[in-house]
Amino acid sequence: MRFTAWQHEKDVTTISISEASQHENQPVELHGWLYNLRKSGKIVFPILRDGTGLMQCVAVKANLPEQVFESLKGATQESSLIVRGTVRKEPRAPGGYELDVTDAQIVQRVPEEHPYPITPKDHGVDFLMDHRHLWLRSRRQHAAIRVRHEIIRGIRDYFDSHGFTLVDTPIFTPAACEGTTTLFEVDYFDDEKVYLTQSGQLYNEANAMAFGKVYCFGPTFRAEKSKTRRHLTEFWMVEPEMAWADLEEVKRVAEELVVSLVQRVLENRKEELKTLERDTSKLEKVASPFPRMSYDEAVKILQSKGSEIQWGGDFGNTDETLLTQDFDRPVIVDRFPTEIKAFYFQTDPQRPEVALGVDFIAPEGYGEIIGGGQRIHDLALLETRLQEHNLPREAFEWYLDLRRFGSVPHGGFGMGVERFVAWMCGLEHVRETIPYPRMLYRTRP
RNA sequence: UCCUCAGUAGCUCAACGGUAGAGCAUUCGGCUGUUAACCGAAGGGUUGUAGGUUCGAAUCCUACCUGAGGAGCCA
């Protein structure tokens with residue numbers, strides 16, 4: 001590629017656009033892609049994109065060799081190029097700095113017979129999703145993925161600095177964690193049916209008995225026929241699990257995690273939130289303590305607001321929105337009916353009809369972002385639950401072992417990364433919070 | 001799986017029973033401060049597919065395909 005023919009000048013530093021402010025009035029070299037181009041006769045304004053930001057360049061015909069000026073003037077959207085010039089403070093330019101071009105080379109020119117498909121105008125969802133590999137270059141998508149990165153870093157930092165050990169759980173699993181209707185079957189292993197994990201939960205419990213406090217963080221898979229703005233078939237979930245923890249401790253840790261993540265995004269991703277036009281005043285109100293209520297209370301509140309819900313039923317999406325509409329921070333609901341919760345939840349010793357499970361429901365209609373609770377530590381109770389749920393005991397022998405060899409009260413939760421990112425970014429749909437979303441009718445690119 | 005809505009130029013849309021149109025993108029021309037730049041011109045169409053109704057269908061009817069939103073289920 002002609003890139004190699006580009007003469008390096010030793011007094012010119014190659015910088016990224018995000019570093020421009022530190023190089024005011026200095027000659028620099030930028031490597032990037034043409035985001036947009038405006039031209040006006042003998043002056044052209046190429047806007048360069050390099051993954052760290054946007055830089056408006058100014059190329060004046062009179063100051064440049066003919067060939068350089070003409071190549072910039074005829075450059076097409078998303079062509080890759082190298083530009084050399086002097087950084088100058090310029091209030092008129094987006095970003096506050098501008099580059100006075102002294103030299104430029106197009107590395108690969110996008111041919112006009114196949115122009116870059118995503119223009120600076122409006123596009124539909126279907127078209128953009130078909131071009132997801134290119135759509136990621138757009139400002140809003142770029143910003144959302146950077147917020148995602150910040151949240152993932154924040155999750156790791158939080159657990160790593162609070163005594164948790166990362167102990168990842170397998171993706172191929174032989175049995176269901178919860179139901180059996182939402183599993184992806186993998187037809188490969190000779191001796192038995194294997195499925196893609198829908199939760200690392202059961203393994204996490206074993207890990208917690210080995211390490212005390214653990215978390216796993218990876219993709220999970222749900223074969224649900226869900227077609228809504230809150231669902232992906234492949235999504236990322238972080239699941240901490242703690243030995244010697246009860247329901248209150250689970251709630252405390254989850255709340256502390258949420259607060260730390262919101263703070264971190266607000267501090268480190270201001271620019272991205274601005275690009276996304278996120279109303280950050282709503283996020284600034286997310287502080288401890290979060291409102292807490294029992295399932296019983298939640299049902300009463302919902303009924304008073306006109307919901308059809310009866311005690312024993314699960315919340316629908318409209319119920320979640322109703323429940324959170326009077327609050328500016330996530331609502332913590334606990335003690336759900338035992339019947340609607342997974343088999344492994346500890347029941348309330350005073351009220352066996354309710355399980356020590358907890359959900360965090362995000363405000364602004366973003367729904368359930370965290371689900372967790374205290375697990376059964378009593379062998380006899382767990383055996384009973386397995387029977388009640390018609391689960392094959394043999395497959396759970398190892399899980400029962402955890403109650404035979406030094407059982408302790410323990411608990412944890414799972415947090416869906418994409419829903420959290422959607423909430424932080426104020427996005428309509430979780431598909432924009434993951435680089436390549438996998439959904440019911442979309443597996444490409 | 002069910003319910004609702006939508007498929008017209010590369011893209012976003014208009015035309016709603018009577019000759020298929022605009023903006024953006026692309027090409028050519030003009031412009032030394034543009035901010036989704038602007039001005040002028042050109043090329044670009046089997047109206048998702050298959051039937052049907054009609055003198056005449058992008059438009060009305062039927063089936064199918066594709067997509068979107070929602071329900072249930074869930075993070």
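Chain letters run A, B, ... following the sequence lines, proteins first, then strands; residues in each count from 1. If you're wondering where the values come from, they're calculated on a predicted model, not measured in any experiment. Reckoned from all heavy atoms, side chains included, excluding hydrogens, waters and symmetry mates.
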Base versus backbone protein contacts along nucleotides 65-70 of chain B [heavy-atom cut-off under 4.0 Å; B, S, -]: --SBBB

Spacing of the [atom1] atoms in [M] and [N] (rounded, Å):
N	M	atom1	result
B:G29	B:G67	P	43 Å
B:A63	B:C16	C1'	23 Å
B:A75	B:C64	P	35 Å
B:A14	B:A9	C1'	13 Å
B:A68	B:U62	P	24 Å
B:G7	B:G40	P	31 Å
B:A25	B:A36	P	13 Å
B:U19	B:C3	C1'	40 Å

Residues which pass side chain to side chain donor-acceptor pair (under 3.5 Å) with [X], listed by chain and number, not counting sequence neighbours:
X	value
A:N207	none
A:E112	A:R109
A:H131	none
A:E297	A:S294

Distance check needed: [N] [atom2] versus [X] [atom1], whole Å only.
X	N	atom1	atom2	answer
A:E320	B:A75	CD	C1'	10 Å
A:E224	B:G72	CD	P	13 Å
A:D100	B:U32	CG	C1'	13 Å
A:E339	B:C73	CD	P	14 Å
A:K42	B:G30	NZ	P	9 Å
A:F235	B:C74	CZ	P	12 Å
A:I43	B:G30	CD1	C1'	16 Å
A:D314	B:A71	CG	P	13 Å

Distances under 3.5 Å between protein N/O atoms and the N/O atoms of nucleotides 25-28 of chain B, please, pair by pair.
from, atom 1, to, atom 2, distance (Å)
B:U27, OP1, A:E112, OE1, 2.8

Sub-4.5 Å side-chain heavy-atom contact between A:R156 and A:L166: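 They are in contact (side-chain heavy atoms under 4.5 Å apart), so the answer is yes.
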
Side-chain heavy-atom pair A:V258, A:I370 within 4.5 angstrom cut-off: yes

Contact list for RNA chain B against residues 290-298 of chain A - heavy-atom distance below 4.0 Å: none

Sorted by number, the residues of residues 46-57 of chain A with heavy-atom contact under 4.0 Å to RNA chain B: A:Q56

Strictly by Watson-Crick or wobble contacts shorter than 3.5 Å, is anything paired with [N], and which nucleotide is it?
N	answer
B:A68	B:U4
B:U32	none
B:C13	B:G21
B:A41	B:U27

Between [options], spot the one nearest the side chain of [X], thanks.
X	options	answer
A:S40	B:U12, B:U32, B:C73	B:U32
A:D122	B:G33, B:A75, B:U12	B:U12
A:E98	B:A75, B:U34, B:G72	B:U34

Quick one: do [X] and [Y] make a salt bridge, cutoff under 4.0 Å?
X	Y	value
A:E277	A:R140	yes
A:D326	A:K305	yes
A:R88	A:E24	no
A:D246	A:R252	no
A:D334	A:R292	no

N/O donor-acceptor pair, side chain A:R38 with base B:C31, under 3.5 angstrom: no

Please classify the nucleic acid contact of [X] as base, sugar-phosphate, or nothing, using heavy-atom distances under 4.0 Å.
X	result
A:K39	base
A:I118	nothing
A:H114	nothing

Only counting residues at least two apart or in another chain, list the ones meeting ring-ring contact (aromatic ring centres under 6.0 Å, His included) with [X].
X	value
A:Y158	A:H162
A:F45	none
A:F360	none

Sequence neighbours excluded, every pair satisfying side-chain hydrogen bond (donor to acceptor under 3.5 Å, both in side chains) that has a member inside residues 417-426 of chain A: A:R148-A:E418

A:F45 aromatic ring stacked with six-membered ring of B:G33, 5.5 Å and 30°: no

Parallel, tilted or perpendicular, as decided by the 30° and 60° cut-offs, for the rings of A:F396 and A:Y399: perpendicular

